[in-house]
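Keep in mind that the numbers below use all heavy atoms, side chains included, and drop hydrogens, waters and symmetry copies. Counting starts at 1 for both ligands and their atoms, in listed order.
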Amino acid sequence: KEGVYLEIQTTLYDQNDHLIFIRDVTRLQLLEQMRKDFVANASHELKTPLTVIKGYLETLGMFKDNLPQSMQRGIDNMSDQSDRMENLIEDLLLLSRLESNDKRENDTWLHISDLFSAIEKMAQPILLPEHTLVFSEAKGAQVYGSYNELYSAFSNLVVNAIKYSPNGGEIRVKWESDDVSGLFSVQDEGLGIDPRYIPRLTERFFRVDKGRSSKTGGTGLGLAIVKHVLLHHSAKLQIRSQPRFGSTFSCHFPMERIKNDVLQGNDNLS
Ligand code: ADP
């Protein structure tokens with residue numbers, strides 16, 4: 001990670017000549033690395049004290065019934081907040097891992113239907129009775145990637161669709177593919193998003209409605225995680241939304257990352 005980092009840009013000057021810009025970005029690169037290391041180390045260091053706090057809270061919880069009501073509420077509150085903090089630390093660590101390419105597991109061919117089953121299992125406990133969760137047919141469809149990373153990205157999109165549909169509605173999880181690309185999408189009939197916020201959604205800690213997001217237990221890192229996972233898979237995120245009518249988050253995978261056992265063979269990557 002030492003050495004000189006140069007950013008090179010070329011533009012066409014006139015018909016035959018090119019202008020080449022070379023910028024020394026070593027200092028920027030070092031600062032960026034320091035930021036990444038700091039976040040990774042700080043998150044890691046926060047884990048141990050939090051585990052101790054959670055352990056004692058669990059013990060306190062066992063004697064809760066003998067305590068006055070105000071203290072019972074206090075214990076519940078502390079448990080909720082320490083769960084939130086744990087989620088935040090886990091998400092920060094995941095984001096750090098995604099940013100440092102060196103710790104990635106190998107990509108393999110994954111069945112979309114396996115990912116769908118795991119997501120359905122994860123989502124069932126957080127669905128409201130007013131929600132309907134529908135999965136499309138994905139028989140034989142495969143994507144080339146990391147199971148854990150794609151599971152995190154896809155489940156973040158499904159959890160968001162549930163969280164931001166407080167009045168219920170249908171949530172459609174779809175896989176579609178043709179000869180040129182594969183498309184994973186999550187469509188909801190929830191709150192929707194004002195178009196001016198869409199370009200900022202994948203920034204770390206960006207939330208449209210901070211009050212609502214902290215109530216729903218979000219960390220503000222979900223879509224940043226999605227963005228990084230898709231980057232690893234040469235895939236692109238597309239967000240379409242209409243306030244009060246719902247949103248669709250689509251992940252477009254390139255042809256070489258997808259295949260279908262049933263319809264076609266594409267063994268370029270195996
Ligand atoms: P959070 O943990 O706050 O959900 P995310 O990074 O997952 O963080 O999402 C960022 C913000 O994008 C959310 O706070 C929310 O305002 C908005 N958002 C994400 N998904 C949806 C959705 N399906 N419908 C409406 N708003 C959404």
* Short side-chain donor-acceptor distance under 3.5 Å, Asn260 and Gln142 -> no
* To do: Would you tell me whether Gln72 and Asp76 have side-chain atoms, one donor and one acceptor, within less than 3.5 Å of each other?
  => no
Using a strict cut-off of 4.0 Å, indicate which atoms of ligand 1 neighbour a heavy atom of [X].
X      : result
Phe206 : 10 (C), 11 (C)
Lys163 : 1 (P), 2 (O), 4 (O)
Phe249 : 20 (N), 21 (C), 22 (C), 23 (N)
Thr219 : 2 (O)
Ser247 : 24 (N)
Arg207 : 3 (O), 14 (O)
Gly222 : 5 (P), 6 (O), 7 (O)

* To do: State yes or no: are the ring centers of Phe184 and Phe253 separated by less than 6.0 Å?
  => no
* Under a 4.0 Å heavy-atom limit, does Asp188 contact ligand 1 with its side chain, its backbone, both, or neither? -> side chain
Of the listed options ([options]), which comes nearest to [atom] when hydrogens are ignored and any heavy atom counts?
atom                    : options                : result
atom 19 (C) of ligand 1 : Leu221, Asn160, Leu191 : Asn160
atom 5 (P) of ligand 1  : Leu223, Val226, Leu201 : Leu223
atom 8 (O) of ligand 1  : Ala224, Gly246, Gly220 : Gly220

* Is there side-chain contact between Tyr144 and Glu256, with at least one heavy-atom pair below 4.5 Å? -> no
* Cluster partners of Ile89, using ILVMFWY side-chain heavy atoms under 4.5 angstrom, listed by chain and number? -> Leu46, Leu50, Met85, Leu93
* To do: Could you go through the side chain to side chain contact (heavy atoms under 4.5 Å, CB included) check for Thr132 and Arg172 one step at a time?
  => CA-CA 8 Å; Thr132 326; Arg172 289 184 167 274; over 6 Å; no
* Mind checking what makes side-chain contact (heavy atoms from CB on, under 4.5 Å) contact with Leu128, not counting sequence neighbours? -> Glu130, His131
* To do: Consider ligand 1: state whether an atom of it lies below 4.0 angstrom from any non-hydrogen atom of Tyr197.
  => no
* Note: Asp107-Arg257 ion pair, threshold 4.0 Å (strictly below) -> yes
* To do: Output yes when Arg27 and Glu32 qualify as a salt bridge under the 4.0 Å nitrogen-oxygen rule, no when they do not.
  => no
* If you measure every N/O of Ile193 against every N/O of ligand 1, is any gap under 3.5 Å? -> no
